[in-house]
Undergrad: 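Mind having a look at this structure? Questions to follow.
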Amino acid sequence: MDRKFVDFQLAPDDLAAIRFGISPGHELCHAVRAILRPDEYPLQWGWIRAHRGGIPREQFEVLALLIREDGYFPDFLTTTPTWELTPEAEAERVRDIDDERFAVDMTKVLVRSEGARRTAVQHMLDQPDRARAMIADAWLSVWNTAVAPVWTPLERLLRADIAVRSRRIAESGIGDMIQTLHDRVQWSDGAVRVTMRIWSEVVDCRGSGLVLVPSVMGTTGCFVLTEPPAQPTLFYPAQGVTSTWARDSADAATALGALLGPARARILLDAHEPRTTSQVARDTGLAISTASHHLTVLRDAGLLASTRDGARVLHRRSPLGEAMVGAAL
C-alpha cells in the first residue's frame with residue numbers, strides 16, 4: 001500500500017518563516033475527543049476524572065457534534081495559532097468567522113455525517129448567524145469548565161516545549177529540530193513531511209511559512225491544516241507530558257521549592273510574563289532587595305532572562321527556565 005504524506009514545501013530563504021504558536025482551540029477540540037474516547041487518551045485520565053463532571057452537557061454536545069471522536073473537524077475551531085493567542089480572542093474569532101469559510105468548513109462536516117447528526121449540521125448551515133453564536137458560546141462554556149482550570153500548567157508545558165525546540169534550532173539547525181517533533185515527521189529536501197493515514201498533499205508554503213504548534217491534549221499524533229485561508233500548520237504532541245501534568249499547581253511549587261527554595265520557585269513559576277523587580281517583590285511579599293537577590297541568582301543560573309525597557313528591567317523565564325518548569329509539571 002502506498003504511503004501517504006503531506007509535504008510542506010519551503011524555499012531556502014523561507015526557513016526563517018517556520019515559527020511556533022499556541023492554539024487554545026486545538027487543546028479544546030482534543031479535550032472534547034479525550035472525553036468522547038478516554039481509552040485513547042491515558043495521559044488525560046487524571047484531568048478527565050477531575051473536570052468531566054463540571055462540563056455543561058448541552059454545550060458539550062454542540063462541540064461534540066462538530067468535533068466527533070475522530071477525523072475532520074471545522075478548521076475555524078483552531079484559528080491561526082500565534083505566540084500570544086488567548087482563549088478569549090480565539091473564541092471571538094469563531095464568533096466572527098465569515099460566511100464563506102463557515103459554509104465551506106460546515107459542508108465538509110455535513111458530507112461526513114449521517115442520520116440525526118447530518119440533520120443537525122444542515123440546520124446550522126441554514127442558520128449561520130445563530131449557529132456561529134451557539135458554537136462560540138459552547139466554545140467558551142466548555143473551555144471555562146474543562147480547560148481553563150488547568151490552562152496554567154498546560155500553557156507552561158507548551159511554552160517549555162517551544163523553548164527547548166528553539167534552543168535546538170540554534171544549536172543544531174531547523175532540520176535536526178524537525179526530526180524530533182514526532183516519528184511521523186521528517187525533514188526532506190527543504191520540506192517538512194508528515195506521514196498521513198488517508199491522503200497525500202503538497203502544500204506550497206513559500207512566502208507564507210509554516211506554524212509549528214505543540215499540544216498537551218492532542219497526544220494521539222500529528223494533525224495538519226493545509227487549506228486556505230488557514231495558515232499552513234502542523235500540530236504535534238508536546239514533549240514532557242505525563243499522567244500527572246494536570247496536578248494542582250501547588251504540587252509543582254512544592255517540587256520546585258525542594259530544588260530552588262520556596263521563594264525562588266514562586267518567582268520562577270510566576271515569570272511566564274515579564275515583570276519588574278518591584279512587581280516581583282510585591283507579588284511574593286518580599287523586600288525589593290531580597291527579590292533582587294533571588295532574581296540575580298535565577299538569572300546567573302540561566303533560568304531567567306532580564307531585559308531593559310526604558311528605565312525598567314523586566315524579568316522573564318529563559319528557555320532553560322521554561323524547560324525546568326515544564327519538567328516539574
Side-chain angles (χ1 to χ4, degrees), residues 22-45 47-48 51-81 85 87 90-95 97 101-125 127-128 130-148 150-151 154 196-199 213-227 230 233-237:
I22 288 174
S23 174
H26 186 77
E27 300 305 311
L28 178 63
C29 289
H30 283 276
V32 170
R33 285 191 167 171
I35 292 171
L36 290 173
R37 48 174 185 160
D39 288 352
E40 297 190 26
Y41 288 81
L43 295 181
Q44 313 307 340
W45 288 349
W47 164 78
I48 291 172
H51 299 284
R52 178 171 50 189
I55 302 172
R57 183 176 182 83
E58 183 177 346
Q59 285 77 13
F60 179 83
E61 288 180 350
V62 170
L63 294 187
L65 176 75
L66 302 178
I67 295 167
R68 304 181 303 160
E69 296 182 357
D70 195 11
Y72 175 82
F73 57 75
D75 293 345
F76 62 70
L77 291 176
T78 55
T79 57
T80 299
L85 181 60
E90 189 152 28
E92 284 305 307
R93 291 185 188 182
V94 172
R95 195 181 302 276
I97 198 72
R101 186 175 180 191
F102 181 81
V104 168
D105 286 4
M106 290 298 289
T107 299
K108 293 178 183 177
V109 176
L110 183 70
V111 300
R112 293 166 170 82
S113 303
E114 297 177 349
R117 181 171 186 265
R118 183 180 179 89
T119 300
V121 173
Q122 184 63 62
H123 285 326
M124 290 183 174
L125 274 165
Q127 304 177 67
R130 180 177 179 275
R132 276 192 295 263
M134 180 172 62
I135 293 167
D137 289 344
W139 198 109
L140 273 177
S141 181
V142 177
W143 173 273
N144 287 334
T145 53
V147 184
V150 295
W151 181 239
L154 193 157
M196 306 299 293
R197 289 184 304 168
I198 300 174
W199 89 100
V213 184
S215 178
V216 170
M217 290 290 186
T219 54
T220 58
C222 294
F223 304 86
V224 299
L225 286 177
T226 63
E227 295 186 22
T233 305
L234 167 59
F235 301 94
Y236 64 90

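This one's a predicted model, so the numbers in the text were calculated from it and none came from an experiment.
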Undergrad: Which residue pairs satisfy the salt bridge (Lys or Arg N to Asp or Glu O under 4.0 Å) criterion with at least one member in residues 59-76, sequence neighbours excluded?
TA: Arg57-Glu61, Asp70-Arg197
Undergrad: Sequence neighbours left out, what passes side chain to side chain contact (heavy atoms under 4.5 Å, CB included) with Thr145? Give chain and number order.
TA: Ile55, Pro56
Undergrad: Check whether any side-chain heavy atom of Asp105 sits under 4.5 Å from a side-chain heavy atom of Ile97, and report yes or no.
TA: no
Undergrad: Restricting to side chain to side chain contact (heavy atoms under 4.5 Å, CB included), what partner residues turn up for Thr119, sequence neighbours left out?
TA: His123
Undergrad: Please list, chain by chain and in numerical order, all residues satisfying ring-ring contact (aromatic ring centres under 6.0 Å, His included) with Phe102, sequence neighbours excluded.
TA: Phe76
Undergrad: With sequence neighbours left out, write down each residue that passes side chain to side chain donor-acceptor pair (under 3.5 Å) with Ser215, or none if nothing qualifies.
TA: Glu27
Undergrad: Begin from the C-alpha positions of Thr78 and Phe223 and carry the test side chain to side chain contact (heavy atoms under 4.5 Å, CB included) through to its verdict.
TA: CA-CA 11 Å; Thr78 55; Phe223 304 86; over 6 Å; no
Undergrad: Quick check: do Met217 and Cys29 have side-chain heavy atoms less than 4.5 Å from each other?
TA: no
Undergrad: Mind checking whether Leu154 and Trp47 have side chains closer than 4.5 Å, heavy atoms only?
TA: no
Undergrad: Between Phe235 and His30, is the ring centroid distance below 6.0 Å?
TA: no
Undergrad: Can you list everything that forms a side chain to side chain contact (heavy atoms under 4.5 Å, CB included) with Glu227? Sequence neighbours excluded, please.
TA: Lys108
Undergrad: Which residues satisfy the ring-ring contact (aromatic ring centres under 6.0 Å, His included) test with Phe73, sequence neighbours excluded?
TA: none
Undergrad: Under a 4.5 Å cut-off applied to non-hydrogen side-chain atoms, are Met124 and Leu66 in contact?
TA: yes
Undergrad: List for me each residue that meets side chain to side chain donor-acceptor pair (under 3.5 Å) alongside Ser113, sequence neighbours excluded, and say none if there are none.
TA: Arg117
Undergrad: Do His26 and Thr233 have side chains that approach each other closer than 4.5 Å (heavy atoms only, starting at C-beta)?
TA: no
Undergrad: OG1 of Thr220 to OH of Tyr41: how many Å apart, nearest 0.5 Å?
TA: 4.0 Å
Undergrad: Which distance, rounded to the nearest 0.5 Å, do you find between the CH2 of Trp151 and the CG of Leu28?
TA: 10.0 Å
Undergrad: I need the minimum non-hydrogen distance between Leu234 and Cys222, along with the two atoms involved.
TA: CD1-CB, 4.1 Å
Undergrad: Could you tell me if the side chain of Pro74 sits less than 4.5 Å from the side chain of Val109, heavy atoms only?
TA: yes
Undergrad: Using modelled atom types and a 3.5 Å cut-off, is there a donor and acceptor pairing between side-chain atoms of Gln44 and backbone atoms of Val216?
TA: yes
Undergrad: Let me have the donor-acceptor pairs involving side chains of residues 134-143, under 3.5 Å, with sequence neighbours excluded, atom names and distances please.
TA:
residue: Asp137; atom: OD1; partner: Arg95; partner atom: NH1; Å: 3.2
residue: Asp137; atom: OD1; partner: Arg95; partner atom: NH2; Å: 3.1

Undergrad: Could I get the full list of salt bridge (charged side-chain N to carboxylate O under 4.0 Å, His left out) partners for Arg132, not counting sequence neighbours?
TA: Asp99, Asp129
Undergrad: Once side chain to side chain donor-acceptor pair (under 3.5 Å) is applied, do any residues pair with Arg52, and if so which ones, sequence neighbours excluded?
TA: none
Undergrad: Is there a donor-acceptor pair under 3.5 Å between the side chain of Glu90 and the backbone N or O of Gly25?
TA: yes
Undergrad: Who are the side chain to side chain contact (heavy atoms under 4.5 Å, CB included) partners of Gln122, not counting sequence neighbours?
TA: Leu110, Leu125, Asp126
Undergrad: If you look at every heavy atom in Val150 and Ala146, which pair is closest and at what distance?
TA: CG2-O, 4.2 Å
